[in-house]
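The structure under discussion appears below in the form of structure tokens.
Values in this document were obtained by computation on a predicted structure and should not be read as measured data. Every chain is numbered from 1 and lettered A, B, ... according to where its sequence line falls, protein lines coming before strand lines.
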There are 2 protein chains.
Amino acid sequence: MVKRDLTGLCPYVTSQKVLSGKWSIYLLYLLQEGPVRFNELQRKMPEDITHTTLSRQLKALEWEGLIVRQEFSQIPPRVEYSLSEIGMKFETVLEALGDWGSEYIEFVKNKDTIKK
Amino acid sequence: MVKRDLTGLCPYVTSQKVLSGKWSIYLLYLLQEGPVRFNELQRKMPEDITHTTLSRQLKALEWEGLIVRQEFSQIPPRVEYSLSEIGMKFETVLEALGDWGSEYIEFVKNKDTIKK
DNA sequence: CCGCATCCAAGTTGATACTG
DNA sequence: CAGTATCAACTTGGATGCGG
């Protein structure tokens, strides 16, 4: 399992470590709206991602305390993931990231057209 | 050289890719204040990082357009790195990240003390 | 001072198959 | 449905040494 060492006391280094998972940001983004089931998450991912990988990413985020896993004892099984309190506080970052990301995409596009 | 594929059109995926370098965030943070020289950057890093690694990270950020590299023709050489325009716009994210990181560190501390 | 080339070590992801 | 186990493949970072 992925257990990132979070003892680096600098906020930026710590953030970097939390975000190091390939899908961390997008998962947090998907969970903003409320609880989502495992398979639903998998379907909503922007690229194909195996359940192995998804499972690992979720475990890591859960271990770090950003998300909460709730299991319902049913057949068939049902598991929902949602943001924890500290996870919800991350939404500020997500917002900033979304805005910047959009601007950046525009920037890259323009750079490309200039080249041609 | 690290050339991250930035064609994913979703802002979050794109951001994630840009931030995937182990030191991206901290480097952008250091460059906020203005131009910094190569060796100075190396010294300011929170952990020891070889110049090879630093060089690669900087090249990646430069290639992505976030930072600008200016070389002065001198002996001994002198190279300064600074934020580009789109790089400066990233400061919003940095701020949010810094705030959240601090909160998160507190959160982790409390969790640990409860365990004991 | 700055940085590249090379090689190696480590960590992450992906593919596949199996389980309650 | 929601995982885990295992192993192969790939990606990164780090160490070291050479060069302008």
Side-chain angles (χ1 to χ4, degrees), chain A residues 1-8 12-13 16-27 30-31 35-64 67-82, chain B residues 1-8 13 16-28 30-31 35-64 67-82:
Chain A
M1 178 190 161
V2 194
K3 284 191 181 174
R4 304 189 251 269
D5 175 24
L6 302 171
T7 47
Y12 300 100
V13 176
Q16 176 88 67
K17 284 185 177 163
V18 171
L19 298 183
S20 67
K22 188 169 170 186
W23 304 106
S24 312
I25 293 177
Y26 203 83
L27 283 173
L30 285 181
L31 293 176
V36 188
R37 297 181 60 168
F38 185 88
N39 273 342
E40 212 178 334
L41 277 176
Q42 189 178 7
R43 277 190 299 273
K44 287 184 174 173
M45 295 303 284
E47 295 175 33
D48 282 350
I49 166 177
T50 59
H51 53 248
T52 313
T53 303
L54 178 56
S55 183
R56 263 192 304 240
Q57 303 282 325
L58 289 169
K59 268 243 175 309
L61 289 173
E62 186 193 356
W63 184 79
E64 288 160 1
I67 68 176
V68 175
R69 176 181 184 278
Q70 190 182 4
E71 190 173 347
F72 299 83
S73 303
Q74 303 179 352
I75 305 273
R78 167 180 177 177
V79 179
E80 287 187 350
Y81 292 89
S82 53
Chain B
M1 179 189 157
V2 194
K3 284 190 182 177
R4 301 190 255 268
D5 175 25
L6 302 171
T7 46
V13 176
Q16 176 88 66
K17 284 186 176 162
V18 172
L19 297 183
S20 67
K22 186 168 168 186
W23 304 107
S24 312
I25 293 177
Y26 203 83
L27 283 173
L28 292 171
L30 286 180
L31 293 176
V36 187
R37 297 182 59 172
F38 185 87
N39 273 341
E40 213 178 331
L41 277 176
Q42 191 178 6
R43 276 192 300 273
K44 287 184 173 173
M45 295 303 283
E47 295 174 34
D48 282 351
I49 167 179
T50 60
H51 53 252
T52 313
T53 303
L54 178 56
S55 184
R56 263 193 304 236
Q57 304 282 324
L58 289 169
K59 267 250 175 302
L61 289 173
E62 186 193 356
W63 184 80
E64 289 160 359
I67 67 176
V68 176
R69 176 181 184 277
Q70 190 182 5
E71 191 173 347
F72 299 84
S73 304
Q74 303 179 354
I75 306 273
R78 167 179 176 179
V79 179
E80 286 187 350
Y81 292 89
S82 53

Whole angstrom is fine here: how far is it from [atom1] in [X] over to [atom2] in [N]?
X      : N       : atom1 : atom2 : value
R69(B) : dC4(C)  : CZ    : P     : 7 Å
F38(B) : dC4(C)  : CZ    : C1'   : 11 Å
I49(A) : dT13(C) : CD1   : P     : 9 Å
I67(A) : dA2(D)  : CD1   : P     : 14 Å
M45(B) : dG14(D) : CE    : C1'   : 14 Å
L58(A) : dC1(D)  : CG    : P     : 16 Å
L54(A) : dA15(C) : CG    : C1'   : 15 Å
E71(A) : dG20(C) : CD    : P     : 15 Å

inquiry  = Looking at Q42(B) and T50(B), would you say the former's side chain and the latter's main chain have a donor-acceptor pair under 3.5 Å?
reply    =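 Flag not set: sc Q42(B) to bb T50(B) has no pair under 3.5 Å.
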query = Counting N and O atoms only, with roles assigned by atom type, does the side chain of E80(B) sit under 3.5 Å from a partner on the main chain of P35(B), one being a donor and the other an acceptor?
reply =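 Such a contact is absent between E80(B) side chain and P35(B) backbone.
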Should [X] be listed as having a side-chain N or O under 4.0 Å from OP1 or OP2 of [N]?
X      : N       : answer
K22(B) : dG14(D) : yes
S55(A) : dG3(D)  : no
R37(A) : dC1(D)  : no
R78(A) : dA2(D)  : no
K59(B) : dC4(C)  : yes
Y81(A) : dC1(D)  : no
Q74(A) : dC1(D)  : no

Parallel, tilted or perpendicular: rings of F38(A) and Y81(A) (30°, 60°) =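 The rings of Y81(A) and F38(A) sit tilted, inter-plane angle from 30° to 60°.
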Base [N] to side chain [X], donor-acceptor N/O within 3.5 Å cut-off:
X      : N       : value
R56(B) : dG14(D) : yes
T52(A) : dA5(D)  : yes
H51(A) : dA17(C) : yes

task = Check Y26(B) against M45(B) and note the closest heavy-atom contact, atom names and distance.
result =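 Closest heavy-atom pair between Y26(B) and M45(B): CD2-SD, 4.0 Å.
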ask   = Run the side-chain contact (heavy atoms from CB on, under 4.5 Å) check on I67(A) and L31(A) step by step: do they pass?
value = CA-CA 9 Å; I67(A) 68 176; L31(A) 293 176; 3.7 Å; yes
Selection from dA15(D), dC2(C), dG13(D) that lies nearest to any side-chain heavy atom of V79(B) =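 Nearest nucleotide to the side chain: dC2(C).
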